[in-house]
Structure formats: C-alpha cells, structure tokens
> 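Got a structure here, written out as structure tokens. Questions coming.
Residue numbering restarts at 1 for every chain, and letters A, B, ... go by the order of the sequence lines. Predicted model, so just to flag it, every value in this text is computed and none were measured.
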Amino acid sequence: MRIIFLGTPKFAVPSLEALVKEKHETLLVISQPDRETDRKGNLLPTPVKECTTKLNLPFLSCDNVNQITEELKALKPDVLITVAFGQMLGDDFLSIAPTLNVHASLLPLYRGASPIQASILVGDKKTGITIMQTVKKMDAGDILLQRDIDIKTTDTYETLHDKLSVLGARTLTEVLKQLKEGNIKQIPQDEIKATYTKKIIKTSGSIDWSKSAEDIERQIRAYNPWPSAYSTYAQTGEIIKFYSAIAHKTHTLSDILQGLSDITASNGTILHSSPQNGLFIKCGLDILQITSLQAPSKKILPSSEFLLGRNLIGKFE
RNA sequence: CGCGGAGUAGAGCAAUCGGUAGCUUGUUGGGCUCAUAACCCAAAGGUUGUAGGUUCGAGUCCUGCCUCCGCAA
C-alpha cells in the first residue's frame, strides 16, 4: 500500500521498519522538528529521522502538518499512519486518506500522552496496543485491532515501552494486511470507560512517602529511566533518585529490623541503612527497600555499593 | 563555546591552609566458631583521567584536552 508515516520518538521506529520489511510503499516519513540536544547544544535527529536515513526513505521535518495537506494529498496515499507523532491533526489533514494511529494501551483506557506509565502506576496485570482510526478527538477513534501483553512485576517504563513498540509494529502490519484484503471491522470505543493520561513532567517523580510502599515501588518502575522517582535527603538537601525497590510488608520485616530501628517512625524515615542489609524506608503503609539509587552527578548504583561510601541517616522528605 | 557536577586501589568514597594518599567493601593467606553476608590477624593492590604550568613541595592552585553524570523532553 501507499503509505505516509508520521512518527517522532523511538517508540515509532519498529513500526516504520515493519512497513519497509512488509514492502509497503513508503511515500514519505514525517517527524517533528529536531528538538533534543546533546550536552554541547547540538541538535540530535529524532529517532524516526535517524531510521529514515539508514533505510534511505524520503523524509520531512514539519512543525505543523496541517499546513501541508495539499502537498500530502498530491502523493495519493492509500493510508496515513501516525505513531507517537505529537501534533494535533485537523479536519483537512484527516480528509487526505484514512488515518490510523498506533496507541500503547488497551483503549478506551489511558488515552493521551503517557499510557505506558499509567498502566504500571495503576498496577495493571495487562496492557497492550490499540490500532484505531485517528479522529479529531484525542485517541477516541474506532478500534480496528487490539493485542494485549502481560505486565510483569519487574517491568519498568523502559522494558514495557520496548515490548510495546515491537508489539505495535506487529499489530500494525496485521491491520494493514486485513485492510488490503478488505475484511476489517471497526468497533466504536465505549466513551463511558475512557480514562485519560497527562504528559509526564519532571516533578511527577517526586515521592510522597505517605503512600504505600507498593504504590511507591510502582512509581519507581513507571518513571524509570525518566524522569525517575526522587526524594530529598533531609540531611544534605540533595535530591536522590531511585531506580529500583522492593515493597515489604511491615510484619514480615519487623523481625529482621527489630532492635535495629524504630518501625513506628514517621513516613520517609530511614529505618535501616547498611551495605550488608540495604536501605529501608518507612512508607505510609509498609516498608520500601531501595535496591538501586543515584546521588546528584553520580552513577546509578546498587544500594550495597552506594552505602559503602556514605551512610544514610535521618529521613527523606 | 547553553548551565552545573564529577574522575583518587577491583568497586564505592575520604583527604582541613598546598606538606607522610586513607576508610569501607572486595581479593589473597592465616586463625577462631555448632554456626552466618559473623569475628580476629596479616598481605597484596595507586604514575590521584590526560598533557602542560606555578611551587622547595600539587590529589589539592592555573590552562588545554578526554570521559562520565545532572538540568534542558
């Protein structure tokens, strides 16, 4: 099929590669303009742009595709595909040809910018990919196909993102195949069940120690590696980032910690800290054991190594 | 030249005014114990990222370069 592909970040790359592999005719690939910079301030190409250079595909950077609808129409595409593109699409654009979107959740759940993080935060057992029609209302179009995937208790944003981006590519090729054969059903979304997710910002990572250890552990996984869950170490005022942790029931740990610390302390208190046993922090419910963390300007370290060089006392706020 | 931090033993960190480079852990050897991620003794392990400069003397001060990290999503 004749396809115009719109995508920007890493998530979209496997889908684009799949189109090429399935020998669809990729008329044009469009990304947001390059925005990320390295430490020296040089602009970095978007992952999709980088991929097109490698695959030798026609490419265009564009900060508003609604202004080039005529040019796109002239290419006579059969279908337009958006994967994490990042621009609002207007009526003119959507009238060019059927437009499909690859979304990383089981819609109508988690519409919006951070579906992967949302599914981990909530503690869902499953999430998945939805291929749907792109309409003006965000992520609200009719569903063409869904495929689900288990969320493991060890999955972080990064691992789940990578799995879903591959699943997204596979699901997309399936839909295109069905579309070509002309036997595809469209199922409207149940608006009542729709939920929405916001764009993640830096401060989303701030830890509220009055939450349960389980909730905080999921927050750590959902925001690993970015923006990462963090908290202020009261003793020095430094922001410490947390990358992995284990939630323990208070009653199963009280034996281990007995005599070492006061498990009735306030939320955020460091109950125990030693290279041998690890780092334990009091939460609103139960106890969180931090297993890897990072001090400012330092590397991410397992807690055993982190605690060799410095002893943590007091509390996090 | 976007702003900031860092580089010291295998690993993680100290080193006050510029004056003997230490600590924890790991490794190796020995000892002890019913027993441990236990305890005791000993040893090995460093061109302090790199190239220069200042100095009687530089981990420390100055300049260039390399590498890593945070901010900027």
> Will you find, in the side chains of S274(A) and H272(A), an N or O donor that is under 3.5 Å from an N or O acceptor?
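Looking only at side-chain atoms, H272(A) and S274(A) do form a donor-acceptor pair, the distance falling under 3.5 Å.
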> Just the rounded figure in Å: distance from C1' of C13(B) to CZ of F306(A).
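Distance, rounded to whole Å: 11 Å.
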> C1' atom, G12(B) versus U16(B): distance in rounded Å?
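My reading of the C1' atoms in G12(B) and U16(B) gives 22 Å.
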> If the test is side-chain contact (heavy atoms from CB on, under 4.5 Å), which one of Q178(A), K21(A), E22(A) qualifies with T173(A)?
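Result: among Q178(A), K21(A), E22(A), E22(A) is the only option passing the side-chain contact (heavy atoms from CB on, under 4.5 Å) with T173(A).
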> Mind checking if E305(A) touches a base, just sugar-phosphate, or nothing, with heavy atoms under 4.0 Å?
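Sugar-phosphate, backbone atoms only, no base.
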> Between atom NZ in K299(A) and atom C1' in C69(B), what is the gap in whole Å?
10 Å
> Does K54(A) have more than 12 heavy atoms from other residues, nucleotides or ligands lying within 6.0 Å of its NZ?
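No, NZ of K54(A) has 12 or fewer neighbouring heavy atoms, counting only those of other groups under 6.0 Å.
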> So which one's nearest nucleotide on RNA chain B is more toward 5', K241(A) or D38(A)?
D38(A)
> Can you tell me how far P in U60(B) sits from the matching atom in G7(B), rounded to whole Å?
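After rounding to an integer number of Å, I get 11 Å for this pair.
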> Looking only at atom C1', what distance separates G29(B) and G53(B), rounded to whole Å?
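Rounded to whole Å, the distance is 46 Å.
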> On a whole-Å scale, what distance lies between the C1' atoms belonging to C66(B) and U27(B)?
30 Å
> Describe the nucleic acid contact of S304(A) in one word from base, sugar-phosphate, nothing, applying a heavy-atom distance below 4.0 Å.
nothing
> What's the gap between G45(B) and A37(B) when it is taken at their P atoms, as a whole Å value?
30 Å
> Could you give the distance separating U8(B) and C61(B) at their P atoms, to the nearest angstrom?
16 Å
> Is the closest side-chain donor-acceptor distance between D124(A) and Y110(A) under 3.5 Å?
yes
> Say you pick atom P in G18(B) and the same atom in C62(B); how far apart are they, in whole Å?
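It works out to 11 Å between them.
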> Taking only the side-chain nitrogens and oxygens of K10(A), find out if one of them lies under 4.0 Å from OP1 or OP2 of A73(B).
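For A73(B), neither OP1 nor OP2 has a side-chain N or O of K10(A) closer than 4.0 Å.
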> Looking for any heavy atom pair under 4.0 Å, which part of the strands does L301(A) touch: base, sugar-phosphate only, or nothing?
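Result for L301(A) = sugar-phosphate.
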> Which donor-acceptor pairs under 3.5 Å do the side chains of residues 75-87 of chain A make with protein atoms, sequence neighbours left out?
from   : atom 1 : to      : atom 2 : distance (Å)
D78(A) : OD2    : R2(A)   : N      : 2.8
T82(A) : OG1    : L100(A) : O      : 3.3
T82(A) : OG1    : N101(A) : OD1    : 2.8
Q87(A) : OE1    : V65(A)  : N      : 3.0
Q87(A) : NE2    : Q32(A)  : OE1    : 2.7
Q87(A) : NE2    : C62(A)  : O      : 2.8

> Going by side chain to side chain contact (heavy atoms under 4.5 Å, CB included), name the residues that satisfy it together with S228(A), two or more places apart in sequence or in a different chain.
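Listed in chain order: K241(A), Y243(A).
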> Once pairs are restricted to Watson-Crick or G-U wobble with both distances under 3.5 Å, how does RNA chain B read as a dot-bracket string, [ ] for crossings and | for other-strand pairs?
.((((((..((((.....[..)))).(((((.......))))).....(((((..]....)))))))))))..
> Among C71(B), C69(B), A11(B), which nucleotide has an atom closest to any side-chain atom of Q294(A)?
C69(B)
> Figure out the CG/C1' separation between N311(A) and U24(B), and round it to whole Å.
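Rounding to the nearest Å, CG of N311(A) and C1' of U24(B) are 11 Å apart.
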> Using the P atom on both, measure A6(B) against A42(B) and round to a whole Å.
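That atom pair is separated by 36 Å.
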> Quick one: closest heavy-atom pair of T203(A) and Y230(A), and the distance?
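Nearest pair, atom of T203(A) first, then Y230(A): CA-OH, 3.4 Å.
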> Once you round it to whole Å, what is the distance between C1' of G12(B) and CD1 of I240(A)?
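Those two atoms, CD1 and C1', are 14 Å apart.
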